[in-house]
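In what follows, a structure is listed as structure tokens, so that the remarks can point back to it.
Hydrogens, waters and symmetry mates play no part in the numbers below; they use all other heavy atoms, side chains included.
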Amino acid sequence: MRESIIDLCTLLEEQKSVLGRMLELAKEERQIIINGESDKLENVIRLELKELNKLGAIEKKRLALHKIIAAQFNLPDENITLSGIAEKAEPDEGEAIKKLQTELMPIIEQHTAVNSENRELIKSHLEYSETMLELMVGYEDPLNNMYGGDGKATADRKKQTGFYSGHA
């Protein structure tokens with residue numbers, strides 16, 4: 001049983017490491033968004049996805065280990081949590097689990113907050129871009145749609161509302 005708890009602590013350490021890297025990438029992403037460096041955004045997102053895949057693999061192993069530990073403690077595996085494992089484990093093992101859990105929580109909370117900020121920044125940038133495009137080329141007015149029922153543009157319905165006509 002001790003080996004399972006040690007394996008669990010190892011997985012929690014790995015999760016903490018990956019989540020830490022994901023937090024740093026999210027902060028980097030925020031700065032890229034603020035600076036309008038969209039060319040750098042794709043690379044950061046690619047790195048975030050790699051870390052997310054790592055986290056998913058670790059989480060899968062951790063959940064499988066929860067089932068093993070639940071069986072060792074004769075507990076129903078669907079309700080077993082880190083706190084529950086910490087309570088049933090030997091005192092030193094329980095403290096190690098609680099310590100890791102305490103270290104993980106602020107990282108998760110920070111990551112959630114930064115991702116929320118990033119989402120709002122991206123939303124604002126998209127709304128701004130959409131507004132600028134509407135000002136420049138006009139927006140599609142459903143009452144003055146330039147397309148007929150067959151999906152083809154009709155000459156009598158074409159209406160230009162923006163600054164640019166689209167003609168040279």
Side-chain donor-acceptor contacts of residues 64-72 below 3.5 Å, not counting sequence neighbours, with atom names and distances?
{"residue": "His66", "atom": "NE2", "partner": "Arg62", "partner atom": "NH1", "Å": "2.8"}
{"residue": "Gln72", "atom": "OE1", "partner": "Ser4", "partner atom": "OG", "Å": "3.3"}
{"residue": "Gln72", "atom": "NE2", "partner": "Ser4", "partner atom": "OG", "Å": "3.1"}

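- Hydrophobic clustering (ILVMFWY, side-chain heavy atoms < 4.5 Å, transitive): Ile6 and Phe73 are in distinct clusters.
- Put simply, Ile122 and Leu25 are part of the same group of oily side chains (I, L, V, M, F, W, Y) that touch within less than 4.5 Å, one to the next.
- For Lys27 against Val114, the heavy-atom pair with the smallest separation is N-CG1, 3.9 Å.
- Asp92 pairs by the salt bridge (Lys or Arg N to Asp or Glu O under 4.0 Å) definition with Arg2, not counting sequence neighbours.
- Taking both residues in full, the closest heavy atoms of Ile58 and Leu11 are given as CG2-O, 3.6 Å, listed atom of the first, atom of the second, then distance.
- Here Glu13 pairs with Lys16 under the salt bridge (Lys or Arg N to Asp or Glu O under 4.0 Å) rule; sequence neighbours left out.
- To the nearest 0.5 Å, atoms OG (Ser17) and CG (Leu12) are separated by 12.5 Å.
- Nearest heavy atom pair, residue Asn118 against residue Ala26, reads ND2-O, 3.0 Å.
- Going from atom CD of Glu93 over to atom NZ of Lys88 covers 14.5 Å, rounded to the nearest 0.5 Å.
- Considering CG of Asn43 and CD1 of Ile32, their distance stands at 8.0 Å, rounded to 0.5 Å.
- The number of heavy-atom neighbours closer than 6.0 Å to CD of Glu42, taken from other residues, nucleotides and ligands shown, is 12 or below.
- Linking Ile, Leu, Val, Met, Phe, Trp and Tyr whenever their side-chain heavy atoms come within less than 4.5 Å puts Ile108 and Val18 in one cluster.
- Leu63 and Ile97 are assigned to two separate hydrophobic clusters, defined by single-linkage of ILVMFWY side chains at heavy-atom distances under 4.5 Å.
- Closest of all the heavy-atom pairs between Cys9 and Leu100 is O-CD1, 3.6 Å.
- The closest side-chain heavy-atom distance from Glu29 to Leu41 is below 4.5 Å.
- The salt bridge (Lys or Arg N to Asp or Glu O under 4.0 Å) search around Glu51 returns Arg21, Lys54, not counting sequence neighbours.
- Residues forming a side chain to side chain contact (heavy atoms under 4.5 Å, CB included) with Glu117 (at least two apart in sequence, or on another chain): Arg30.
- Side-chain contact between Asn53 and Lys50 is absent, with no heavy atoms from C-beta onward closer than 4.5 Å.
- Residues Gly20 and Ile107 share a closest heavy-atom pair of N-CG2, 3.9 Å.
- Considering all non-hydrogen atoms of both residues, Leu23 and Gln110 come closest at CD2-OE1, 3.2 Å.
- Between the CD atom in Gln15 and the NZ atom in Lys61 there is a gap of 11.0 Å [rounded to 0.5 Å].
- Between Lys99 and Glu95 there is no salt bridge, since no side-chain N of the basic residue sits under 4.0 Å from a carboxylate O of the acidic one.
- Expressed to the nearest 0.5 Å, how far CE of Met22 lies from CG of Leu49 amounts to 8.5 Å.
- A distance of 6.5 Å separates CG in Leu104 from CG in Leu19, rounded to the nearest 0.5 Å.
- With sequence neighbours left out, the salt bridge (Lys or Arg N to Asp or Glu O under 4.0 Å) criterion links Lys40 to Glu37.
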